[in-house]
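Naming convention: chains lettered A, B, ... in sequence-line order (proteins, then strands); numbering from 1 in each chain.
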Amino acid sequence: MSSEYLVLDVETIVNDNRFGSAIDPRNQLALACWKIDGKWKAKWGSEFEQQELVDDIRRAKFLVFHHGKYEYGWLSRIGVDTSQLLGFDTMLAEYVLLGNLVSGDTESGVRPTSISLDACCQRRGYRPKDPIVDTWMANGIKVSEMPKKWVLDRCIQDVRTTEQLFLDQRRQLHDSNRLGCLYTRCILTPLLAEIEKEGCHLDKNRVEEVYNEYSDRFTSLTKEFARATGGINWRSSKQVAKYLYDDLQFEELRDRSGEPKRTPSGGRQTNAKALEKLKAITEAQKEFLALKKQLSKIGSAISKNLDYFKDVCESHNGTFHAEFNQSITATHRLSSTGIAVETATKGSKSCQLTNIPRNFKRLFSARRDGWLIGEVDGAQLEFRVAAFLGNDKQARADIADREFDAHCVTASAMYEVPYTELRNAYLAGDKVASDRRQSAKPETFKPLYGGSKGTPAQERWYEAFKRRYPDLAAVQLGWVYEVLEKKYLTTPWGMRYYWPNIRMASSGYVNNASAIYNYPIQALATAEIIPIAITYLWHIVRAEGLDEVIVPINTVHDSLVCEIHPDYAADFRRIATEAFGLCVLRYLSVVYGLDFDVPLGAGIKIGEHWSEGTEERYECLKGNIERVK
DNA sequence: TCAAGATGCGCG
DNA sequence: AAAGCGCGCATCTTGA
């Protein structure tokens, strides 16, 4: 709430055909404009000529900027320790104020809300950006090719409107008890900027090996598929549907009323899940399903990852970069966008960091010779958060019971076998029990977020889930009633999520119910707790002077991945468990007033490649951290 | 030829 | 009548 802030905006010479992020060494800092103590300052110059800015930043209590990850990136390149800089990001403030409304609502046709500086200001009736400079920038004209005065005026104008916007947002967030949420978003930002700069590194030998294996497989599968089908394009859902349902005469899947299940716009389904359920009788039918399944898997692995990975290894020293988007998702977790690279033969390709196939994590190694990859993740995080939010006795008991096996509970309901019988058989290596547990896995958490329809076996489990966790079910239903009444939900930590078009049908069905069941749980787990945990981890590492030996390189919803010097693996374990346990509890208590009284767990893997090495599990309970065997 | 829409599939 | 949630990227289809 202090008035000792510094408002900052920078302009850059963009040489990456994108937005001039500090990640790309070809981009250059061109101009910084800032305001401190009511004084306006501007400095033309590169990252080596910004001493006055650095000095002023040191005097300020916090920074104000729009999309501060950009400025953090440049400040880091200037040489500033960005972990010591607190920011108020007006883009994130607008994001918090909008809650989930930022992404719009396709069902009711609500368009996404822009949170660009210009859009934020226009909504409030402030002066808009200069349209000419804006058009130039949007079309790749470099600021070094524009009249200096025009660029300067624009930069100063941005500082002015950013401050205006900040003051308005700060009041709104304060009055609605959401400053804490903004704080959580803002303290994560400099870490994200560091991760983006670091990049991810691939093991050339392993990539080559897997690439060759997949290519060979792909070549032979493509041939077989062409022979079997007479040459349809397996990637075309239209051609596949025609072949499946017209030529091979498969029966379409039907719902209970006998209507065929179709894609949203009425096409016949060809996705893996639907194909899995089709009943193949003839040899031709069986062969087609088997071929299509393998071809889709291999084909997508090649076109979405391996082509790109191979090029990264051959032409970019095995390192590639992606960005984190901090203001895209409805629940406020992160998303990621790959930075496209022109490959030698496959055109422009990119890879984001949150959906890398689990099988390919083993292709990632440390960029630094001889270093290790360490990963820490929040154990059963969403379920534990659900137990906390639902204050559910049974869920708490299940979490406390270290022998508890959720998937066996699912299988027990689906296959009508007593839990202990199934579990013992599974532990004894019984094939049937193991298969049942495996096939039950995807169903385990579906009812947590309102899943209710399916086969009789599935529906038996969904009902059993509701009976097993009645307190949670009641709390979730309470959320739905709250939204029906107020059109928005206020979470226990202050975040608000909005459903302006919620309605209840005469049947009692509520259109947004499953989203309402999900948001608080997904959000507390992956938009609050994990950001808090990884921010703490980063700060402890720096406070202990270990930032040269423990380097974050990725984060995926419930985890953080670091490169680690082999002598510091034990430090990583110690710091990670503390950050994911005690630090989170303390922060939730101090910033949000939440007494999070369900144990938090962390799983840690360290190895020469990502996701390799045996996992060590830790539990944090009542102020203690304990290693779990 | 291009952009937008549709579909499928990877992750947590 | 039916109904887990949240994303981004590659490819094909469609329509101008």
- Item | Of the listed nucleotides B/dG10, B/dG12, C/dT13, the one nearest the side chain of A/His557 | B/dG12
- How long is the line joining CZ of A/Phe324 and P of C/dG8, in whole Å? 13 Å
- Note on the structure: By nearest-heavy-atom nucleotide on DNA chain C, the more 5' of A/Ser236 and A/Glu459 is A/Glu459
- Task: Write down the distance between CD (A/Glu259) and C1' (C/dA2), rounded to a whole number of angstrom.
- Result: 11 Å
- Task: Please state whether the phosphate of C/dG6, meaning OP1 or OP2, lies under 4.0 angstrom from any side-chain nitrogen or oxygen of A/Tyr519.
- Result: yes
- Please report, rounded to the nearest Å, how far the C1' atom of B/dG10 is from the CG atom of A/Leu353. 13 Å
- Item | Listed nucleotide nearest any side-chain atom of A/Thr337, set C/dC9, C/dG6, C/dT11 | C/dC9
- Got a sec: does the CZ of A/Phe404 have more than 12 other heavy atoms crowding it under 6.0 Å? yes
- Query: Taking everything shown except A/Lys297 itself, do over 12 heavy atoms lie less than 6.0 Å from its NZ?
  - Reply: no
- Any donor-acceptor pair under 3.5 Å between the side chain of A/Asn355 and the base of B/dG10? yes
- Query: Given C/dG8, is OP1 or OP2 found less than 4.0 Å from the side-chain N or O atoms of A/Ser335?
  - Reply: yes
- Message: Measure CG/A/Leu448 against C1'/C/dG6 and give the value in whole Å, please.
- Response: 13 Å
- Between B/dG8, C/dC9, B/dG12, which one does the side chain of A/Thr270 approach most closely? B/dG8
- Message: Using every non-hydrogen atom in the two residues, find where A/Glu375 and A/Phe572 come nearest and quote the distance to one decimal.
- Response: N-CE2, 4.0 Å
- Against the side chain of A/Lys304, the closest entry in C/dG4, C/dT11, B/dC9 is B/dC9
- Kindly point out which of B/dC9, C/dT13, C/dG6 is positioned nearest to the side chain of A/Ser296? B/dC9
- Query: Would one find a side-chain N or O of A/Ser265 under 4.0 angstrom from OP1 or OP2 of B/dT7?
  - Reply: yes
- Between atom CZ in A/Phe360 and atom C1' in C/dC9, what is the gap in whole Å? 15 Å
- Task: Among the candidates C/dC5, C/dA3, B/dT7, find the nucleotide nearest to the side-chain atoms of A/Lys453.
- Result: C/dA3
- If we ignore angles and hydrogens, is there a donor and acceptor under 3.5 Å between the side chains of A/Tyr469 and A/Asp398? yes
- Message: Check whether A/Tyr488 forms a cation-pi arrangement with A/Lys486 (NZ or CZ under 6.0 Å from the six-membered ring centre, at most 45° off the ring normal).
- Response: yes
- Message: For the residue pair A/Lys349 and A/Tyr308, would you count it as a cation-pi contact if the rule is NZ or CZ under 6.0 angstrom from the ring centre and within 45 degrees of the ring axis?
- Response: no
- Candidates C/dC9, B/dG12, C/dA10 - which lies nearest the side chain of A/Gln352: C/dC9
- Message: Starting the side chain at C-beta, find the nucleotide from C/dA2, C/dG6, C/dC12 nearest to A/Thr331.
- Response: C/dG6
- Item | Under 4.0 angstrom between A/Lys361 side-chain N/O and B/dG12 OP1 or OP2 | yes
- Message: Of the options C/dC7, B/dC11, B/dT7, whose atoms approach the side-chain atoms of A/Pro264 most closely?
- Response: B/dT7
- Given atom OH of A/Tyr449 and atom C1' of C/dG6, what is their separation to the nearest angstrom? 10 Å
- Look through every strand shown and name the nucleotide pairing with C/dC7 as Watson-Crick or G-U wobble, where both distances are under 3.5 Å. B/dG10
- Task: Look at the side chain of A/Ser300 and decide which nucleotide, out of C/dT13, B/dG10, B/dG12, has an atom nearest to it.
- Result: B/dG10
- Query: Does OP1 or OP2 of C/dT13 have a side-chain N or O of A/Gln239 closer than 4.0 Å?
  - Reply: yes
